[in-house]
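Per chain, numbering begins at 1; letters A, B, ... match sequence-line order.
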Protein chains: 2
Amino acid sequence: MARAAGVSPSTVSNLLNARDHLMQPETRRRVLEAMESLSYRPSRVAQQLRGAPNPTLGLIVPSVTNPFWGSWAAQLEGAFHAHGRQIYLCNSERDPERERAYVEQLWADGIEHIVLSTSLPSLDHLRPAMDAGVQIIAFDREHQETDPPELLNVSIDNEAGAWMATQHLIERGHRRIAFVSGAMSTISRQRRFAGYCRALSENDIPLDDALVPRSSDLGDADSGPLARTAVNTVLALDDPPTALVAVNDMFALSASAAIRDAGRDIAEFAVVGFDDIAVGSLISPALTTVQQPLRDMAEAIVRLTADEAGEPRPSLVFPPTLVVRGSTERRIP
Amino acid sequence: MARAAGVSPSTVSNLLNARDHLMQPETRRRVLEAMESLSYRPSRVAQQLRGAPNPTLGLIVPSVTNPFWGSWAAQLEGAFHAHGRQIYLCNSERDPERERAYVEQLWADGIEHIVLSTSLPSLDHLRPAMDAGVQIIAFDREHQETDPPELLNVSIDNEAGAWMATQHLIERGHRRIAFVSGAMSTISRQRRFAGYCRALSENDIPLDDALVPRSSDLGDADSGPLARTAVNTVLALDDPPTALVAVNDMFALSASAAIRDAGRDIAEFAVVGFDDIAVGSLISPALTTVQQPLRDMAEAIVRLTADEAGEPRPSLVFPPTLVVRGSTERRIP
DNA sequence: TTGAAAGCGCTAACAT
DNA sequence: ATGTTAGCGCTTTCAA
């Protein structure tokens with residue numbers, strides 16, 4: 001391009017990088033004019049080859065179909081937008097191979113920071129990228145003993161959240177409480193289940209495996225069939241539950257639908273979700289759920305990525321909040 | 001890297017690009033070994049500087065918070081994944097400036113195809129990128145007279161969809177039908193409104209402006225307050241509506257919540273949405289809505305982006321489908 | 001105040 | 001069967 005303005009590349013570069021104090025107004029004008037008429041944009045690709053960082057942030061989520069992940073993406077996008085930074089969102093379906101491919105693609109595009117919202121126990125598939133200096137921030141995944149030291153984890157206390165949900169039901173008199181989830185192969189789900197177990201145990205309610213239907217499918221893309229099977233299983237028990245804790249709001253809604261479809265009155269049943277998706281407050285009965293402080297978490301991540309490397313940066317755990325609504329109105333005498 | 005394997009760069013390049021028929025097994029081994037031990041990945045940045053295309057596809061959506069856009073993103077991602085291609089999702093909040101910035105960022109990263117799911121009437125802000133050869137495919141935006149010829153539009157027939165929704169209500173006996181939307185500044189919303197008007201007109205029902213509350217806010221991120229205001233306005237009329245058509249499912253759910261909050265029995269009211277988000281079928285009453293054939297549309301886009309340039313590629317319009325569920329059960333005698 | 005030259009990592013044409 | 005060279009578009013000395 002520069003050539004077409006009748007000046008040397010370095011002159012253009014100088015102007016581009018605000019090193020134009022000493023520049024002849026006339027020259028500047030000529031260059032600016034040529035830029036405009038050619039609608040020239042400096043090639044970020046060339047800049048990156050020279051070592052400039054790609055300012056964009058990568059965000060990988062398990063399933064954009066689940067509105068929770070959409071809200072999280074929007075929240076994080078908003079927080080970074082306020083700092084003039086953009087986000088590329090990637091959908092992994094929680095497939096480690098897909099996750100690896102996205103991380104390597106972002107890496108290949110020179111992106112330095114990736115927020116990985118996938119709570120898989122092992123992060124081995126990301127080793128090469130991490131070794132190459134890609135900074136990974138894991139979201140929704142509490143710190144593990146075996147994690148590499150450069151990994152940052154940002155999460156709520158999932159165990160505490162599920163404990164609150166379960167404790168709330170117990171306080172309303174429920175003692176037969178099902179736990180509805182897909183596969184529990186992620187760290188956050190394991191923690192949620194642990195919170196459920198602790199609440200039962202603290203209240204001297206024995207854990208009944210029959211109330212925790214198992215599945216090997218995560219149900220991220222579609223919780224419907226899994227929740228239906230689970231609900232039908234527990235409703236068929238001799239001593240069926242009067243309440244259920246779902247591993248997330250989509251499971252809660254799917255389970256509620258299954259209860260209705262089984263001909264039961266949903267008002268006779270208490271349901272608690274997890275995540276606080278927007279529709280939870282629009283439906284009837286409105287969904288009691290556990291809320292994550294997404295805004296605070298997004299801002300913490302903005303700060304983490306702005307930090308100069310080298311400083312000690314601990315993993316962060318945020319407190320969840322129980323939001324009580326109509327779906328847990330009923331009290332058991 | 002190559003240097004560290006004791007061979008020339010071209011040798012590495014040859015191997016990388018499967019031009020290794022004539023290669024000494026011993027040499028190949030040495031190179032492969034060095035790659036492995038350094039966990040070497042060819043720099044896509046350098047490759048792009050040499051002219052290689054970035055295989056990733058850009059997808060810009062108005063609001064990842066709306067589950068419809070999440071489903072669309074997942075659908076398109078799945079279709080491209082089947083062809084070994086990845087997608088970067090960007091959230092524009094329907095802000096033209098944000099949209100422009102994302103398009104230019106994708107352009108700067110060497111991405112050639114962008115699916116732009118924003119139905120703004122003018123696309124002037126994207127001219128520079130389009131002139132530079134970035135292929136833009138507009139989704140949810142029917143072709144306009146003033147569109148540049150290289151623009152491809154992929155959309156449903158929004159007018160027909162809204163006509164079906166309104167006609168359905170009329171057939172159930174409703175004659176006072178509100179139209180609930182945020183700002184109608186997008187092409188798809190204008191078309192939907194046109195379909196509503198045509199159905200009324202064909203049935204000799206006068207269009208009553210009082211049943212079409214106006215707003216200047218699109219309500220993409222949060223339809224709640226807009227829907228609430230709209231509902232309260234129409235319910236306060238002397239001759240209030242018995243049914244409503246919403247511009248999308250989120251507005252339908254928000255409006256239903258507002259009706260309930262106003263103390264009305266939702267069963268006395270008929271509601272039709274638009275988009276068929278997953279939760280619509282999980283709630284009670286389940287939401288009657290207009291479905292878009294997302295799978296077909298995603299596959300059409302895969303084909304469009306695979307086409308060699310130069311072939312004539314017309315804009316595509318798909319037919320919507322009315323999905324009747326419980327929210328329009330009631331008949332007016 | 002501006003320009004010339006080198007080099008980032010890769011590929012393609014050409015040479016050996 | 002492998003190496004050499006030039007150049008993609010930019011930035012950064014250094015020189016003029």
> Of all the nucleotides listed (C:dA12, D:dG9, D:dT11), which has the minimum atom distance to the side chain of B:Ser10?
Replying inline: C:dA12
> How many Å lie between CG on A:Leu16 and P on D:dC10, as a whole number?
Replying inline: 8 Å
> Rounded to whole angstroms, how far apart are CG on B:Leu15 and P on D:dG3?
Replying inline: 13 Å
> Between B:Arg50 and A:Arg44, who's closer to the 5' end of DNA chain D by nearest nucleotide?
Replying inline: B:Arg50
> Is the phosphate of D:dA1, meaning OP1 or OP2, less than 4.0 Å from a side-chain N or O of B:Asn14?
Replying inline: no
> Are A:Glu77 and B:Arg98 ion-paired here, with the side-chain N under 4.0 Å from a carboxylate O?
Replying inline: yes
>> Taking the minimum atom-to-atom distance to the side chain of A:Thr27, which one of C:dC10, C:dT1, D:dA1 wins?
In response: C:dT1
> Under 4.0 Å between a Lys/Arg side-chain N and an Asp/Glu carboxylate O for B:Glu97 and B:Arg100?
Replying inline: yes
> Can you tell which of D:dT11, D:dG3, C:dT11 lies closest to the side chain of B:Thr11?
Replying inline: D:dG3
> Is the distance from OP1 or OP2 of C:dG9 to the nearest side-chain N or O of B:Gln47 less than 4.0 Å?
Replying inline: no
> Hey, is B:Glu26 close enough to B:Arg30 for a salt bridge, meaning N to O under 4.0 Å?
Replying inline: yes
> Separation of A:Asn17 atom CG from D:dG9 atom P, in whole Å?
Replying inline: 18 Å
> Does A:Ser13 make a side-chain donor-acceptor contact with the base of D:dT12, cut-off 3.5 Å?
Replying inline: no
>> Between B:Asp131 and A:Arg41, does any NZ, NE, NH1 or NH2 come within less than 4.0 Å of an OD or OE carboxylate oxygen?
In response: no
>> Counting only side-chain heavy atoms from C-beta out, which of C:dT11, C:dG9, D:dC10 sits nearest to B:Ala46?
In response: C:dG9
>> Just the rounded figure in Å: distance from C1' of D:dC8 to CG of A:Leu49.
In response: 9 Å
